[in-house]
Amino acid sequence: MTDLNGVMLLMGSLLLVSILAAVVSSRFGAPLLLVFLVVGMLAGEEGLLGIAFDEPQVAFFIGSLALVIIIFDGGMRTRKERFRVALWPAISLSTIGVALTCTLTAVGLVYLFAVPWPIALLIGAILSSTDAAAVFGIFQSQNLRIKQRVTSTLEIESGTNDPMAVILTMTMTTGIVSAQAFSIPAVVLDVLLQLVLGYIGGWLGGRCFVFIARKITAQFAFFPLLAAAGAVVVFALTSGAGGSGFLAAYLMGYIIGNARLPQLMHILQVQDGLAWLSQIMMFLILGLLVTPSHLVENLGLSLAVAGMMIFIVRPIAVLVSLLPFSYPLREQLFISWVGLRGAVPIILALYPWLSGVPGQELFFDIAFVVVMVSLVLQGWTLAPMARWLKLEVPAAAEPDRRMALDQVGSNDPLELWSYEMREQSPACDHGWHELRWAVPLEFVGLIRDGEWIRPHTRPQLREGDKVLVIAQVQHVDEISRVLAAGGQARTLNVSDFFGDFALNGELSLADVADFYPLGELDDAVLPLTLHEYFTRKFHRRVVVGDQLVLGSVQLTVRELDEQGYLLKVGVKLLSKED
């Protein structure tokens, strides 16, 4: 009992210290996952607490379970509309990009360090996946919003390249252990089989959960647990059948997240906590497992691999993978720099260790150092790089607080939203009865100085009021544009970014040229509408924040509908300084 209490005290203390350290370090822009990793190392065998932890089996089990939860959470947060602009580019990165990363890393190891081909390819496979959680954690901590085309590409790529990296690592490890010669057709066939089975497992798992969630009646607190348990079961069944369990977990999450379930908001809230807990535990365990003195033995090789992957391999893989999709150069540069390595490579490095591959510690040491270098060098510079490349856009208008009303039994999910009135809010200093709405909603009242003011008093909306409304989830954008001031605190001013005026996307360039100095335009483009012109320039992948400069005018995409049709374009007259 004493030992049990000691273990519980230790784990609780490590978790507490990690969270507190993450809160402090986030103010300095430090990647949170790096903080968890360092805390684990400090508690390890050669750290302050001197905990001797040499259980790769336990670390692999905890890491795999945590990855299922994290990937499942990523799938649930991937929206359908993101596939419109980034599906095929992201798929190209997660397949061709992973294969190129694996191959180019192996080529460098073979010709620069005389590493045997099988070992070099295995190292390349282990290091071939990127970590979206690290990237978006940094964005969130620094209140940074990046253009949707870039964020969608990174999110879908990171959600789909983990299964590819797992498949390649396990296939190559099996080949080395069994001493069989590598057969490219056999590897390709095995990869395709795992992808197909993973897709089937994820689709069936997602559909079954959606069916069950709509049929059973239970307290909303059970559904997040049911979802997490379902993801683990689908992962295990798919992996047992020879498929990619991680791909199945991602697809299951995607289907659930886009099914418009009334319980979804509660599932996401709990799942967010589970995902963070999984990441913390995973990095703490991996930090405990590493022995810093062992890293020194292969430090030169590890640093060389890290530099090669960051500055050569990742840029080439991105350039080739995105070549058919005509991405702007600055976006390709950012996607190249955002190839952060996270926990997946370290966990994959345990697989050859557990499989008995000779020199197994080499894989773990290289993976650990590469992840550390990536988190320090790339992680610390993500936000400055995004701003330098001018990929930041103002935050979208949204409620300050949201509460799901899933117990009322509505076919369309209802939520209660709270908006704090600010001076920039369009509705500020107006009476509720003066506002006109194109969507249905119910005014519940407002909170002023801690007192509830009911709607029948027809109150005037003042700065500092908290306005309460009930509406369907699908109308959040339309309502937020009137009641919000542009979402949470922003680093970009809306009028400075978009300009003070907005034009309808159906206007032709000829119409716009009558009022604004667009410069000399070819006669062939004058009849084109703003929507058609932007669509042509950005190859049908237009997103909010895309900009074109014509003459002395900067045109910026301000609003799109769900199908990607351009509704509003911001207009800004450029000065000589611009």
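- Side-chain contact check for E415 versus I470: every heavy-atom pair is 4.5 Å or farther apart.
- Ion pairing between a basic and an acidic side chain is recognised when a charged N comes within 4.0 Å of a carboxylate O; R481 and E559 show such pairing.
- Within a 6.0 Å radius of CZ in R402, more than 12 heavy atoms belonging to other residues, nucleotides or ligands are found.
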Would you check, one step at a time, whether the test side chain to side chain donor-acceptor pair (under 3.5 Å) holds for T153 with E157? CA-CA 6 Å; T153 301; E157 178 208 2; over 6 Å; no
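- Between the side chain of S374 and the main chain of R341, a donor-acceptor pair closer than 3.5 Å is present.
- M252 contributes atom CE, which lies 13.0 Å from atom CH2 of W203 (distance to the nearest 0.5 angstrom).
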Determine, step by step, whether L261 and I256 satisfy the side-chain contact (heavy atoms from CB on, under 4.5 Å) criterion, reporting the C-alpha distance in whole Å, the side-chain angles of both residues, the deciding distance to 0.1 Å, and the verdict. CA-CA 8 Å; L261 293 171; I256 295 172; 4.2 Å; yes
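- You'll find the ring centres of Y254 and F83 inside the 6.0 Å limit.
- The ring of W388 has its center no closer than 6.0 angstrom to the ring center of W337.
- Counting all heavy atoms, side chain and backbone alike, W437 lies closest to L483 at CH2-CG, 3.9 Å.
- In this structure a side-chain-to-backbone donor-acceptor pair under 3.5 Å is present from S92 to S321.
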Go through the steps for I146 and V393 under the test side-chain contact (heavy atoms from CB on, under 4.5 Å), then give the verdict. CA-CA 6 Å; I146 305 299; V393 296; over 6 Å; no
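- The aromatic rings of F443 and W432 sit parallel to each other, their planes meeting at less than 30°, with 60° as the upper class boundary.
- Side-chain contact check for K568 versus L503: every heavy-atom pair is 4.5 Å or farther apart.
- H531 places no side-chain N or O within donor-acceptor distance of the main-chain N or O of T529, the cut-off being under 3.5 Å.
- In the displayed structure, F515 atom CZ is contacted under 6.0 Å by at most 12 heavy atoms of other residues, nucleotides or ligands.
- Put simply, the side chain of N161 reaches to within 4.5 Å of the side chain of T130, judged on heavy atoms.
- Put simply, the side chain of S552 does not reach to within 4.5 Å of the side chain of L573, judged on heavy atoms.
- Ring centroids of H539 and F325 are separated by 6.0 Å or more, keeping the two rings apart.
- Between the Q547 side chain and the T556 main chain, no donor and acceptor come within less than 3.5 Å of each other.
- Contact detail for K572 and G499: the closest heavy-atom pair is CB-CA, 4.0 Å.
- At least one donor-acceptor pair closer than 3.5 Å links the side chain of D465 to the backbone N or O of R462.
- The closest side-chain heavy-atom distance from F334 to M385 is below 4.5 Å.
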Please step through side-chain contact (heavy atoms from CB on, under 4.5 Å) for the pair F36 and L14, ending with a clear verdict. CA-CA 9 Å; F36 306 145; L14 286 177; over 6 Å; no
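- In terms of heavy atoms, R145 sits closest to P394 at NH1-O, 2.7 Å.
- Between the CG atom in L319 and the CZ atom in R314 there is a gap of 12.0 Å [rounded to 0.5 Å].
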Stepwise side-chain contact (heavy atoms from CB on, under 4.5 Å) check, F222 with L226: CA-CA 6 Å; F222 286 109; L226 182 64; 5.7 Å; no
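- Side-chain atoms of R558 do not come within 3.5 Å of backbone N or O of L555 as any donor-acceptor pair.
- Atom CD of E434 is surrounded by more than 12 heavy atoms from other residues, nucleotides or ligands within 6.0 Å.
- Annotation for V542 and L566: closest pair CG1-CD1, 4.5 Å, computed over non-hydrogen atoms.
- A heavy-atom distance below 4.5 Å is found between the side chains of L461 and V467.
- Separation of atoms CG (L528) and OH (Y533) is listed at 8.5 Å; rounding is to 0.5 Å.
- Residue R79 places its CZ atom among more than 12 non-hydrogen atoms of other residues, nucleotides or ligands, all under 6.0 Å distant.
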CA sep, side-chain torsions, deciding dist, call: K466, D449, salt bridge (Lys or Arg N to Asp or Glu O under 4.0 Å): CA-CA 9 Å; K466 293 180 175 61; D449 298 327; over 6 Å; no
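- Once rounded to the nearest 0.5 Å, the distance linking CG of L414 with CG of L441 reads 11.5 Å.
- Here the side chain of D73 pairs no donor or acceptor atom with the backbone of A275 at under 3.5 angstrom.
- Under a 4.0 Å N-O distance rule, the pair R149/E331 qualifies as a salt bridge.
- Shortest non-hydrogen contact noted between Q148 and V543 is OE1-CG1, 3.8 Å.
- Taken to the nearest 0.5 Å, the CG atom of D272 stands 9.5 Å off from the CE atom of M76.
- In this structure, W417 and Y419 have perpendicular ring planes: the angle between them is above 60°, well past the 30° mark.
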Check the pair D477, S480 against side chain to side chain donor-acceptor pair (under 3.5 Å), reporting the backbone distance first and the verdict last. CA-CA 5 Å; D477 292 334; S480 297; 5.6 Å; no
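- The nearest pair of heavy atoms linking V68 to A231 is CG1-O, 3.9 Å.
- Side-chain N or O atoms of T78 include one that pairs as donor or acceptor with a backbone N or O of G74 at under 3.5 Å.
- The side-chain heavy atoms of Q279 and W276, taken from C-beta on, include a pair separated by under 4.5 Å.
- S425 contributes no side-chain N or O that, together with a main-chain N or O of M421, makes up a donor-acceptor pair within less than 3.5 Å.
- Within the 3.5 Å criterion, the main-chain N or O of E506 finds a donor-acceptor partner in the side chain of N504.
- Heavy-atom neighbours of R214 CZ from other residues, nucleotides or ligands within 6.0 Å: above the threshold of 12.
- Between the CG atom of L322 and the CD atom of Q332 there is a distance of 5.5 Å, given to the nearest 0.5 Å.
- Counting heavy atoms of neighbouring residues, nucleotides and ligands inside a 6.0 Å radius, atom CH2 of W88 does not exceed 12 of them.
- In this structure, L382 and L340 have side chains that are in contact, with non-hydrogen atoms separated by less than 4.5 Å.
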